[in-house]
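Report on the structure given below.
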Amino acid sequence: QVQLVESGGGLVQAGGSLRLSCEASGRTFSRYNVGWFRQGPGKEREFVSAISWSGTRTTYSDSVKGRFTISRDNAKNTVYLQMNSLKPEDTAVYYCAAPLTTYSSTMFREKAEYAYWGQGTQVTVSS
C-alpha cells in the first residue's frame, strides 16, 4: 500500500513557476514508477509526466515538454514536478499516482494503469 500526498499548488501569473511535491508513505516507494496527472475544469484527467522507480527515465506529454521537469528523491520518498513558463491552460488539479506493480519497465500514460492516487493540489495560472 502506498499513500501519496501532493503539495505546492497555488495561484501564479502566466510565465511564472511552481514546484509540486508528492510525498509518499512507506519504505517501498523507491520501487514504484510515479506519474503526474491533471484535471482542468470540465475536462478529463490527463497524463502530464512520469518517472521511473530509479529516476533514470522520464516522459512528458507534448503540452508540457520543455516547460516541466519531473524528478525524485527516494531518500525523502518524494517526487517533484517543476513547472516553468506556466500558461492559463495549465490550470488544473494536479495528482500524483503510482501503479500497482513495482520495478515496472513500462512508463504508463493511462490513468487506468495507476492504483494509488493522492488527493490533488490546485494550480491556478492567471493571465
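Computed from a prediction, not measured in an experiment: that's the story for all the values here.
- Looking only at side-chain heavy atoms (C-beta outward), Arg38 and Val64 come within less than 4.5 Å of each other.
- Side chain of Arg72 to backbone of Asn33: no donor-acceptor contact under 3.5 angstrom is found.
- The two residues Asp90 and Arg67 have their closest heavy-atom pair at OD2-NH1, 2.7 Å.
- Considering all non-hydrogen atoms of both residues, Ile70 and Tyr60 come closest at N-OH, 2.9 Å.
- The backbone N or O of Ala50 lies less than 3.5 Å from no partner atom in the side chain of Arg109, so there is not a single donor-acceptor pair.
- When side chains are defined from C-beta on, Trp36 does not count as touching Met83, because their heavy atoms never get closer than 4.5 Å.
- Closest approach of Val48 and Phe68 over heavy atoms only: CG1-CD2, 3.8 Å.
- At a threshold of 4.5 Å between non-hydrogen side-chain atoms, the residues Lys87 and Val125 do not count as touching.
- For Glu46, the CD atom is densely surrounded, since the number of other residues' heavy atoms within 6.0 Å is greater than 12.
- Side-chain contact between Glu6 and Leu20 is absent, with no heavy atoms from C-beta onward closer than 4.5 Å.
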Open item on the list: Trp53 vs Asn74, test: side-chain contact (heavy atoms from CB on, under 4.5 Å). Steps then yes/no.
Closed with: CA-CA 9 Å; Trp53 55 271; Asn74 283 340; 5.9 Å; no

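- Note that CZ of Phe47 and CD of Glu110 are 9.0 Å apart. Values are rounded to the nearest 0.5 Å.
- Ser25 OG to Gln1 CD: the interatomic distance, rounded to the nearest 0.5 Å, is 8.0 Å.
- The CG atom of Asn84 lies 9.5 Å from the CG atom of Leu18; values are rounded to the nearest 0.5 Å.
- When the side chains of ILVMFWY residues are joined at heavy-atom separations under 4.5 Å, either directly or via intervening members, Val2 and Tyr103 end up in two distinct hydrophobic clusters.
- Side-chain atoms of Ser7 and Thr121, non-hydrogen and from C-beta on, never get closer than 4.5 Å to each other.
- Atom-to-atom distance recorded for Glu23:CD and Asp73:CG is 10.5 Å, nearest 0.5 angstrom.
- The ring pair (Phe, Tyr, Trp, His ring centres under 6.0 Å) with Phe37 is formed by just one residue from the set Tyr114, Phe108, Tyr94; it is Tyr114.
- Gln39 and Lys43 get closest at one heavy-atom pair: NE2-O, 3.1 Å.
- Minimum heavy-atom separation, Gly120 to Val93: CA-CG1, 3.8 Å.
- Residues Val34 and Phe29 meet the side-chain proximity criterion, which asks for heavy atoms closer than 4.5 Å.
- Taking each heavy atom of Pro88 and Ala14 in turn, the nearest pair found is CD-CB, 4.1 Å.
- Side-chain atoms of Ser49 come within 3.5 Å of backbone N or O of Thr59 as a donor-acceptor pair.
- Looking at Thr56, its side chain never comes within 3.5 Å of a backbone N or O of Ser54 through a donor-acceptor pair.
- Counting only heavy atoms from C-beta outward, the side chains of Gln122 and Leu11 never approach each other to under 4.5 Å.
- Residues Tyr32 and Thr101 form no side-chain contact, since every pair of their non-hydrogen atoms from C-beta on lies 4.5 Å or further apart.
- Residue Ser21 holds its OG atom at 9.5 Å from CG of Leu81, rounded to the nearest 0.5 Å.
- Look at Asp62 and Lys65 and you find a salt bridge, because one of the NZ, NE, NH1 or NH2 atoms lies within 4.0 Å of a carboxylate O, short of that distance.
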